[in-house]
2 protein chains.
Amino acid sequence: MFQQFKNTFQLDTDKWDDYTSCFKRMEAPAKTILLNEGEVSKRMFLIEKGCIRVWFNGNGKDITCQFFLENETVGSIESFRKNIPSPTNIETIEPSILWWIHKRDLDRIIEEIKENPHLRDMFIDKIFDRTFNYMKYFFSMVRDTPQMRYLNLLKERPEIVKRVPQHYIASYLGISTVHLSRIKSKILKK
Amino acid sequence: MFQQFKNTFQLDTDKWDDYTSCFKRMEAPAKTILLNEGEVSKRMFLIEKGCIRVWFNGNGKDITCQFFLENETVGSIESFRKNIPSPTNIETIEPSILWWIHKRDLDRIIEEIKENPHLRDMFIDKIFDRTFNYMKYFFSMVRDTPQMRYLNLLKERPEIVKRVPQHYIASYLGISTVHLSRIKSKILKK
DNA sequence: CTTCAGCAATAACATTTGTTATCAAATCTA
DNA sequence: TAGATTTGATAACAAATGTTATTGCTGAAG
């Protein structure tokens, strides 16, 4: 599972083994809640197999705000960073195989890599990437019509559209399931 | 102008003078473009007096995505970080007094402070804060009605609502000026 | 095999929001 | 001060989007 990332990090084998051994394997059926809204996050997850969504309760409605697939990491970074209750839930959509790491171990690793210029910059880059991503979501939300957002998702993350039930996609796009259905049928007719 | 920030950074006076002397003062009338969409950003601005908006051309429409007031810094961080053309314009709304720093100087300062654990963590915190902010905007966009977003802006940044022309506010909220007008009159009637 | 829950499409109707146009007040400028 | 520009409110109509209800399909559980 971890071998594929090894080159990226350029760590000597001891450190590498130390870090990777912090991860524990687990399996979770579909619809397993990995983190509850309001709970302080203690774990981060790496997905070996499966599909996960992040969602929150927005004025009574279940609103999905992110999707994750294989080889991606999931965690409530706000909760992690500031030790505050998570504003979101993390939940499997498909039966999944995950590797998780405890916050205390991850914190230790982060403290260590901050002393290494190469890794430190990678870390900072990662945070920036997250910022840019949220920026893009936000921009797209004010700029694009729902149809444009759907087409964009289809183009950028076709796997998501294939594997994720439509009502999650709809709430991610900020529209009703009915409207998403209409958009799809409109596109088909062209 | 800079004195107020000095304690936060805990730098010795030499360094402090070195860093602050990189900033140049300038005055700009209302509607001055400080950075053009498509241009690679070379400057970051600190606002002493005035009001600035960040906007972009979204399918032909002028869409405002951020506002800045006194003592805040403005720059296209994506353009800065990756040396790519800025996706946004930066423009004064009111006549403003600004302090700007060249990217080359800022880059040098950032490289230096990354060696200082205290400042490095402050820097990383700053990036995280930006991420959290965009997250909040994004969440609010999918979760809240325009009226809720307006009330929220009124609560969180009343200065903005007072000082910024309504059509900028409307585009920031993702609605038309007419609709914003309707929302305001609806609120008044209660 | 049967049953049931989850999922998706569609229709009918209601509500929200956008567009265009008009007017009035405020502000800036020559 | 007179004229232009910016700003904001409102009305009338059009388009987009939500809500509710119905139907049929599929796959999992018993």
Side-chain angles (χ1 to χ4, degrees), chain A residues 27-33 50-51 53 55 58-64 67 91-96 140-154 160-190, chain B residues 28-33 50-51 53 55 58-64 67 91-96 140-151 153-154 160-190:
Chain A
E27 303 194 7
K31 305 209 178 194
T32 306
I33 302 270
C51 176
R53 75 185 179 109
W55 64 279
N59 311 314
K61 273 186 225 161
D62 171 328
I63 299 178
T64 299
F67 298 108
E91 182 181 341
T92 56
I93 294 178
E94 304 172 355
S96 304
S140 167
M141 225 53 201
V142 262
R143 179 190 48 211
D144 303 332
T145 61
Q147 173 160 339
M148 288 164 83
R149 293 203 295 277
Y150 176 70
L151 287 171
N152 192 53
L153 184 66
L154 207 52
I160 296 291
V161 182
K162 266 185 228 149
R163 287 165 63 177
V164 172
Q166 196 156 306
H167 55 280
Y168 296 148
I169 306 268
S171 91
Y172 175 78
L173 296 173
I175 60 178
S176 67
T177 55
V178 176
H179 193 49
L180 178 51
S181 231
R182 282 195 280 242
I183 287 171
K184 286 176 70 175
S185 77
K186 199 163 92 185
I187 293 171
L188 268 184
K189 277 174 200 153
K190 287 180 183 169
Chain B
K31 303 209 180 196
T32 306
I33 301 271
C51 176
R53 74 185 181 111
W55 63 279
N59 311 313
K61 272 187 226 161
D62 170 329
I63 298 177
T64 299
F67 299 107
E91 183 182 341
T92 55
I93 294 178
E94 302 172 356
S96 304
S140 166
M141 225 51 201
V142 264
R143 178 191 46 209
D144 302 334
T145 62
Q147 171 161 342
M148 287 164 83
R149 292 203 295 280
Y150 175 69
L151 287 171
L153 184 66
L154 207 52
I160 295 292
V161 182
K162 266 185 227 149
R163 287 165 63 175
V164 172
Q166 197 157 307
H167 56 281
Y168 296 147
I169 306 268
S171 92
Y172 174 78
L173 297 174
I175 60 180
S176 67
T177 56
V178 177
H179 193 51
L180 178 51
S181 233
R182 283 196 278 240
I183 287 171
K184 285 175 70 175
S185 78
K186 198 163 93 185
I187 293 172
L188 267 184
K189 277 174 200 151
K190 285 177 185 170

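Only heavy atoms go into these numbers, but all of them, side chains included; no hydrogens, no water, no symmetry mates. Note on naming: letters A, B, ... go to the chains in the order of the sequence lines (proteins, then strands), and numbering restarts at 1 for each one.
Distance, Leu188(B) CG to dT10(D) P: 9 Å, rounded to whole Å. In this structure, Gln147(B) atom CD and dT15(C) atom C1' are separated by 14 Å, rounded to whole Å. Rounding to whole angstrom units, NZ of residue Lys162(B) and C1' of dG8(D) are separated by 19 Å. Here the C1' atom of nucleotide dG18(D) and the CZ atom of Arg182(A) are 7 Å apart, to the nearest Å. Here the P atom of nucleotide dA28(D) and the CD atom of Glu94(A) are 12 Å apart, to the nearest Å. If you take CD1 of Ile183(A) and C1' of dT17(D), they are 9 Å apart, rounded to a whole angstrom. In this structure, Lys186(A) atom NZ and dA8(C) atom P are separated by 20 Å, rounded to whole Å. One atom, CZ of Arg163(B), and another, C1' of dG8(D), lie 20 Å apart when rounded to the nearest Å.
The main-chain N or O of Thr64(A) is found under 3.5 Å from a side-chain atom of Ser171(A) such that the two form a donor-acceptor pair. With hydrogens and angles ignored, the 3.5 Å screen pairs no side-chain donor or acceptor of Thr92(B) with any backbone N or O of Pro95(B).
If you check dC7(C), dG8(D), dT19(C) against the side chain of Lys31(A), the one that comes closest is dC7(C). Of all nucleotides listed (dT17(C), dT10(D), dG18(D)), dG18(D) comes nearest to the side chain of His179(A). Relative to the side chain of Ser181(A), the nucleotides dT7(D), dG18(D), dT10(C) differ in distance, and dT10(C) lies closest. The listed nucleotides are dC7(C), dT17(C), dT19(D); the one nearest the side chain of His167(A) is dC7(C). Taking every side-chain heavy atom of Ser176(A) into account, dG18(D) is the closest of dA9(D), dT19(C), dG18(D). Here the side chain of Pro146(A) is nearest to one of dT17(D), dT19(D), dT17(C), namely dT17(D).
Counting all heavy atoms, side chain and backbone alike, Leu180(B) lies closest to Ala170(B) at CD2-N, 3.7 Å. Summarising the geometry of Val164(A) relative to Cys51(A), their closest heavy-atom pair is CG2-SG, 3.9 Å, with the distance given to 0.1 Å.
Leu180(A) comes within 4.0 angstrom of no nucleic acid atom, judged by non-hydrogen atoms across all strands.
Within the structure, salt bridge (Lys or Arg N to Asp or Glu O under 4.0 Å) contacts touching residues 163-183 of chain B (residues at least two apart or in different chains) are Glu70(B)-Arg163(B), Glu94(B)-Arg163(B), Glu159(B)-Arg163(B).
Contact annotation: Lys184(B) side-chain N/O to dG8(D) OP1/OP2 distance is not under 4.0 Å. OP1 or OP2 of dA9(D) sits under 4.0 Å from a side-chain N or O of Gln166(B).
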